[in-house]
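Below is one structure; the comments refer to it alone.
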Amino acid sequence: MNCWLVKSEPDTYSWSQLLGDRRTAWTGVRNYAARNHLRAMKSGDPVFFYHSGDEKSVVGLARVAKESYTDPTADDGDWSAVDIAAEKPLARQVTLAQIKADKTLKEMVLAKQSRLSVSPVTREQFERLLKLSETKV
DNA sequence: GCCAACGTTGGC
DNA sequence: GCCAACGTTGGC
């Protein structure tokens with residue numbers, strides 16, 4: 001099982017919207033590296049949900065509900081989407097500042113490539129993030 | 001509001 | 001195929 005992190009501007013699509021929707025199609029990714037991560041996702045993989053912009057925090061935990069398929073919102077090009085389902089909010093949100101201050105988490109792709117909208121999370125980072133967020137799976 | 005990072009485009 | 005120019009994203 002692999003772990004992931006997706007990033008969104010709350011104004012575009014927020015964690016609270018996902019909680020309301022329960023599940024959503026993660027479409028619109030137009031970056032090859034991010035697309036390849038989407039394609040590597042397996043059903044049931046955990047996916048952290050990060051708010052960029054003002055919040056800059058990991059706010060929730062979701063899961064891959066449907067593995068990659070052709071992005072229906074793409075007019076041209078070879079793009080993919082997955083479905084993700086909300087699992088639970090983090091008991092405590094973890095800020096980017098906390099991540100950068102943490103020995104393990106500062107190695108996250110999120111911290112190193114802030115523009116990549118879909119990124120892998122190592123097992124160690126996953127456990128550490130859960131611990132910092134005081135969240136039990 | 002600025003700037004760094006980075007991806008894309010287009011001229012050569 | 002290279003690289004300069006440009007646009008976008010996101011943190012500060």
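This is a predicted model, so every value here is computed, not measured. Lettering of chains follows the sequences in order, A, B, ..., and the numbering in each one begins at 1.
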- Task: Give me the bend of the helix from B:dG1-C:dC12 to B:dC12-C:dG1, using the axes of the five pairs at each end, rounded to 10°.
- Result: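 Its terminal axes enclose an angle near 10°.
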Strand-adjacent residues in [range], judged by heavy atoms under 4.0 Å from DNA chain B:
range	result
residues 52-62 of chain A	none
residues 30-38 of chain A	A:Asn31, A:Tyr32
residues 97-107 of chain A	none

- Message: Working note: A:Asp78 + A:Arg35, criterion side-chain contact (heavy atoms from CB on, under 4.5 Å); need CA distance, chi angles, decisive distance, verdict.
- Response: CA-CA 9 Å; A:Asp78 182 22; A:Arg35 180 201 70 182; 3.7 Å; yes
- Any salt bridge (Lys or Arg N to Asp or Glu O under 4.0 Å) pairs touching residues 17-26 of chain A, not counting sequence neighbours?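 As it turns out, the salt bridge (Lys or Arg N to Asp or Glu O under 4.0 Å) pairs with a partner in residues 17-26 of chain A, which skip direct neighbours, are A:Arg23-A:Asp83.
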- Item | Pairwise salt bridge (Lys or Arg N to Asp or Glu O under 4.0 Å) hits with a residue in residues 4-16 of chain A, at least two apart |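 Sorted pair list comes back empty.
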- So, A:Thr122 versus A:Arg128: side-chain donor-acceptor pair below 3.5 Å or not?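 Looking only at side-chain atoms, A:Arg128 and A:Thr122 do not form any donor-acceptor pair under 3.5 Å.
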- Query: Hydrophobic clusters join Ile, Leu, Val, Met, Phe, Trp and Tyr when side-chain heavy atoms are under 4.5 Å apart, directly or via other members; which others share one with A:Trp79?
  - Reply: A:Tyr32
- Apart from A:Leu129 itself, members of its ILVMFWY cluster (side-chain separation under 4.5 Å) are A:Leu5, A:Phe48, A:Tyr50, A:Val58, A:Leu61, A:Leu90, A:Val94, A:Leu96, A:Ile99, A:Leu105, A:Met108, A:Leu110, A:Val121, A:Phe126, A:Leu130, A:Leu132, A:Val137
Identify, with sequence neighbours excluded, every residue that meets side chain to side chain contact (heavy atoms under 4.5 Å, CB included) alongside [X].
X	result
A:Ser114	none
A:Val64	A:Met41, A:Asp45, A:Val47
A:Ala91	A:Glu134, A:Thr135

- Span of DNA chain B engaged by chain A, first through last nucleotide within the 4.0 Å heavy-atom cut-off, is B:dA5 to B:dT8
- Message: With a 3.5 Å distance limit and no angle check, can you tell me whether A:Arg92 reaches the backbone of A:Val59 through a side-chain donor-acceptor pair?
- Response: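 Between the backbone of A:Val59 and the side chain of A:Arg92 there is no qualifying donor-acceptor contact (under 3.5 Å).
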- Query: Across the strands shown, which category fits A:Leu96 at heavy-atom distances under 4.0 angstrom: base, sugar-phosphate, nothing?
  - Reply: sugar-phosphate
- Task: Please examine the side chains of A:Ser80 and A:Thr70, heavy atoms only from C-beta on, and report whether any two atoms are closer than 4.5 Å.
- Result: no
- Could you tell me whether A:Glu127 atom CD has more than 12 heavy atoms of other residues or ligands within 6.0 Å of it? yes
- Task: Is it possible for you to say whether A:Val6 and A:Val109 belong to one hydrophobic cluster, with membership spreading through side-chain heavy-atom contacts below 4.5 Å?
- Result: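 No.
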- Test A:Asp102 against A:Gln125 for side-chain contact (heavy atoms from CB on, under 4.5 Å), laying out the working first. CA-CA 10 Å; A:Asp102 186 86; A:Gln125 292 160 357; over 6 Å; no
- Query: Rounded to the nearest 0.5 Å, how far does NE2 of A:His37 lie from OG of A:Ser119?
  - Reply: 6.5 Å
